[in-house]
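Below you will find the structure I want to go over with you.
First listed ligand is number 1; within each ligand, the first listed atom is number 1. Residue indices begin at 1 and follow the sequence shown.
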Amino acid sequence: MAIVAKLPGPYRWPFVGNAALFIWKSPPEMINIITEIHRQFPRIIASCLQTGLLTATGKKWFQRRKVITPAFHFKILDQFVEIFDKQSAVFVENLAKSKGQPLDVFQPITLCALDIICETAMGVQIQAQINSDSVYVQAVKRVNAFFCLHKGNPRIKNNFFHICRISGLLSKRIFTFYLRNDFIFNLTPLKRRQDKLLKILHGFTDEVIVSRRAELMNDKKQDSSSNHDQDDIGVKKKMAFLDILLQSTIEGKPLTNMDIREKWILLCLRAMTQLAAYEEVRHVIGDDLDTPVTIKLLNDLNYLEMVIKETLRLYPSVPMYGRKMQENIDMNGFIIPKGSNIGISPIFMARDPTLWENPFEFIPERFESDNQYHPYLNVPFSAGPRNCIGQKFAMLEMKSTITHMLYQLAQTLAFLPFLLNNQCNCYCPILECVVGCVLNVATCTCDPI
Ligand code: HEM
């Protein structure tokens, strides 16, 4: 992108490759793009996905979105806070065992996120944090390792890719020209390994879905006098979460999205920021560690929310997403033809000095006032009708885990994995840290404030 930006052509409208893909960086005109509901995944990515909310288009997408939306109703999320709380407590307990020794939190966070998503989405406790040797956890780990290419990939080590590693076989296929060819890829051992791992993952989720569906139908039959509220917000929504889980399981970076996002947040909770966030948590939750953390308390953590927003600004987990235009659109006199793919890259927007003051500084206070910035300037969860349906879920989950960490553990960053710079690659499906996030963690012995 950095090179493309230097090519002659209208500033802010660089186009890539055969001009079918435009990268848009100017928020005011973004409304024309982001309200489009068509999204086209590259063929290589699409071949790994099954049709779900993320990949569906047209009527199918509309119907699915309608069914799934109530699953994220605050009443449902309220029930999940208890699960976030329980699993975050296990996570913190595990971290505390390191007794101050440097510890890479990537794996513990991954397992915590896995426990949370399985319990919230499928109602199944896989206890990944307690038993990380189970077949399913191993399969997820292997899929992650398989999909993550930083180790041994010389390109990831050079400067251009310094800040992030490419997650996914998908990326490997994109960057290894001969693997783009289905015929060649299908002949490689990679294809067989991919199929094997996805089979384990799908096998697990399919099994859970079948039995869970049967269980719910049974409950429904037995409880013929079920009230409508329960029916709408209980049964249907749990089904909808299963649907979402299926979707995210197949996305290629299964089930661990949130851990990665949380990792960025941990990374940025530094010094003064960490102290301010800690004070807020102590103020809102109080001195009693056993106080149940409710959705209301989490919603009151405004400073922590700003920290998360600022972290996602600098390290948006999804560095680029796109829309396929169904009509010609006029963008400031520049006609983008029907059928073009337009990429929106929150990571490039976040690092543009013409859009942000001191873009590389970590300043959560930027978000103190909601109307300080253009609404499409910071869009890690996207916007418009196809925005991230799980953003409230993700925000609450992140707040819950970080609250536990802040409350119970004194942490210092043992080692900062990378420096902020303006080199980034927006073509990786999920942004990840190159070398992990190592913390020194010790049980907190702070007095009440
Ligand atoms: C920090 C956490 C998260 C971030 C940054 C994030 C970001 C995104 C982004 C950028 C998109 C693409 C939107 C577009 O193309 O305009 C998306 C879509 C989506 N996300 Fe998330 N997401 C997060 C967590 C979650 C969680 C926790 C869930 C579910 C429990 C979830 C479920 C989905 C679904 C189903 C879609 C597709 C929506 C549609 O096409 O209608 N996400 N997310």
Handout entry: Among E397, M320, R64, R386, closest by any non-hydrogen atom to atom 13 (C) of ligand 1
Key = R386

Exercise for the section: Just say parallel, tilted or perpendicular for the rings of F367 and W356, cut-offs at 30° and 60°. Expected result: perpendicular

Problem - Close approach, R323 and ligand 1, non-hydrogen under 4.0 angstrom - result: yes

Fill in the blank from the handout: Min over G390, P385, S382 of heavy-atom distance to atom 16 (O) of ligand 1 lands on S382

Handout entry: Verdict with supporting geometry, V90 and Q87, side-chain contact (heavy atoms from CB on, under 4.5 Å)
Key = CA-CA 5 Å; V90 177; Q87 297 298 353; 4.3 Å; yes

Practice task
Please work out whether any backbone atom (N, CA, C, O) or any side-chain heavy atom from C-beta onward of C388 is under 4.0 Å from ligand 1, and answer side chain, backbone, both or neither.
Solution key: both

Handout entry: Per-atom contacts, ligand 1 versus F381 - under 4.0 Å to a heavy atom
Key = 1 (C), 2 (C), 3 (C), 4 (C), 5 (C), 6 (C), 23 (C)

Practice task
Determine whether any heavy atom of M398 lies closer than 4.0 Å to an atom of ligand 1.
Solution key: yes

Fill in the blank from the handout: If we number the atoms of ligand 1 from 1 as shown, the ones under 4.0 Å from a heavy atom of N387 are 38 (C)

Fill in the blank from the handout: Here the gap from E397 atom CD to I83 atom CD1, rounded to the nearest 0.5 Å, amounts to 10.5 Å

Completion exercise
Sorted by chain and number, sequence neighbours left out, ring pair (Phe, Tyr, Trp, His ring centres under 6.0 Å) with F62 holds for none

Problem - Test of proximity, R65 against ligand 1: N or O pairs below 3.5 Å - result: yes

Handout entry: Gap between atom NZ of K309 and atom CZ of F381 - 0.5 Å precision
Key = 10.0 Å

Problem - Distance (rounded to the nearest 0.5 Å) between D115 CG and F91 CZ - result: 11.5 Å

Handout entry: Atom indices of ligand 1 within 4.0 angstrom of P380 heavy atoms, with elements
Key = 5 (C), 7 (C), 10 (C)

Problem - Sidechain-backbone polar pair: E280 side chain, Y303 backbone, donor-acceptor under 3.5 Å - result: yes

Fill in the blank from the handout: With heavy atoms and a 4.0 Å threshold, my read on which part of I68 contacts ligand 1 is neither

